[in-house]
Amino acid sequence: MGLSTSPTVPGPDSLDPAIDDLSGQVLELAVIFARRAGRTAVEMRSEAVASATTKSSPTDPVTAADQEAEAIVVDGILRHRPDDSIVGEEGAQRHGTSPVVWYIDPIDGTTNYLYDIPAYAVSIAAAVDGVLVAGAVFNPVLDELFTARAGHGAYLNGRPVQVRPPVPLSSALVATGFGYQAERRRLQAVALTRLLPAIRDIRRFGSAALDLCALATGRVDAYYEVGLNVWDYAAGWLLVHEAGGRCRDLVGDDPSPRFFMAAGPDLIEPLAGAIREAIASAEGKSLSTTQNL
Ligand code: IPD
Ligand code: CA
């Protein structure tokens with residue numbers, strides 16, 4: 001099986017027992033190394049500012065801890081499962097021979113980390129044959145561990161969690177985020193001013209992985225963002241799925257780096273409609289140009 005950068009979530013049928021068993025094993029590893037990498041990030045916090053450089057734009061930071069945390073996760077996983085594939089934010093890329101692919105964001109919310117805002121997390125997901133089966137997101141400052149395993153529900157520190165009960169769009173608290181490119185941000189901001197009057201309010205926590213965990217635990221009603229990467233959302237997508245929520249793109253296909261939205265089953269379509277309108281009016285033209293957003 002090749003290295004898939006577009007995994008999906010499981011369908012309604014129960015998992016093959018062998019894959020179900022494997023999902024338990026990989027979740028255990030995800031938890032061990034999410035905790036270990038998260039603790040290391042906290043220990044290295046005092047070096048964050050001095051070690052920071054930038055990546056895709058002058059506002060896209062990376063620190064020594066991002067690299068160290070990724071090395072901890074990758075080395076740890078490969079020690080136990082040397083044949084698996086790896087896709088990591090800080091450059092880890094490995095084509096293995098097994099059907100398991102790992103998606104690793106060693107610190108999601110690096111800007112928060114840089115500023116010592118306690119909203120950053122290690123995010124680790126595993127897919128088997130392109131289907132996400134395990135995900136762990138660990139916020140080491142708040143000691144919050146979010147986990148999900150295909151067909152077994154979503155959990156915060158071991159307690160089962162669910163998305164919130166349905167609300168009308170006008171009462172929805174919606175998390176979102178912005179990309180690192182200035183022109184894309186300008187369009188995102190314009191679209192947001194169109195959406196804001198139609199909802200309760202927005203939240204910008206600064207970590208896509210934690211935004212999705214917030215949705216899965218009922219702390220927000222919905223989430224959307226343009227321009228994520230698979231490591232930002234792989235674990236959070238499974239969390240939302242297992243917590244009873246839906247994740248998709250603007251037209252109803254699987255979410256992708258191009259567009260990711262998530263909400264409870266009743267809110268997802270009204271929210272998609274409102275975002276489509278907001279984008280169309282922000283651009284002043286047709287939806288076909290949303291790739292700029
Ligand atoms: C970022 C965060 C942020 C989102 C950006 C991501 P990083 O990841 O998830 O909330 O708005 O799109 O790139 O750079 O902190 O790992
Ligand atoms: Ca990230």
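Ligands are counted one by one from 1 in listed order, and the atoms in each one are counted from 1 as well.
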Using a 4.0 Å cut-off to any heavy atom of [X], which atoms of ligand 1 qualify?
{"X": "G109", "result": "7 (P), 15 (O), 16 (O)"}
{"X": "E89", "result": "14 (O), 16 (O)"}
{"X": "F178", "result": "11 (O), 12 (O)"}
{"X": "A208", "result": "2 (C), 9 (O), 10 (O)"}
{"X": "L228", "result": "12 (O)"}

Residue, atom name and distance, where the atom is the protein heavy atom closest to [atom]:
{"atom": "atom 6 (C) of ligand 1", "value": "D232 OD1, 4.1 Å"}
{"atom": "atom 2 (C) of ligand 1", "value": "D108 OD1, 3.5 Å"}
{"atom": "atom 14 (O) of ligand 1", "value": "Y180 OH, 2.8 Å"}
{"atom": "atom 12 (O) of ligand 1", "value": "E225 OE2, 2.6 Å"}

Problem - Joint cluster assignment, I32 & L145, ILVMFWY side-chain distance < 4.5 Å - result: no

Practice task
Determine whether I107 and I104 fall in the same hydrophobic cluster, where Ile, Leu, Val, Met, Phe, Trp and Tyr are linked whenever their side-chain heavy atoms lie under 4.5 Å apart.
Solution key: no

Problem - For the Ca ion (ligand 2): the N/O/S atom of D108 at shortest distance - result: OD1

Does a side-chain N-to-carboxylate-O contact under 4.0 Å join [X] and [Y]?
{"X": "R258", "Y": "D249", "result": "no"}
{"X": "E269", "Y": "R246", "result": "no"}
{"X": "D221", "Y": "R203", "result": "no"}
{"X": "E28", "Y": "R149", "result": "no"}

Return yes when [X] approaches ligand 1 closer than 4.0 angstrom through a heavy atom, no otherwise.
{"X": "S207", "result": "yes"}
{"X": "I107", "result": "yes"}
{"X": "K55", "result": "no"}

Exercise for the section: Give a yes/no verdict on a cation-pi contact between R185 and F178, requiring under 6.0 Å between NZ or CZ and the six-membered ring centre and an angle within 45° of the axis. Expected result: no

Handout entry: CG on D232 to OH on Y103, rounded to 0.5 Å
Key = 13.5 Å

Practice task
To the nearest 10 degrees, calculate the angle at the Ca ion (ligand 2) involving OD1 of D232 and OD2 of D105.
Solution key: 90°

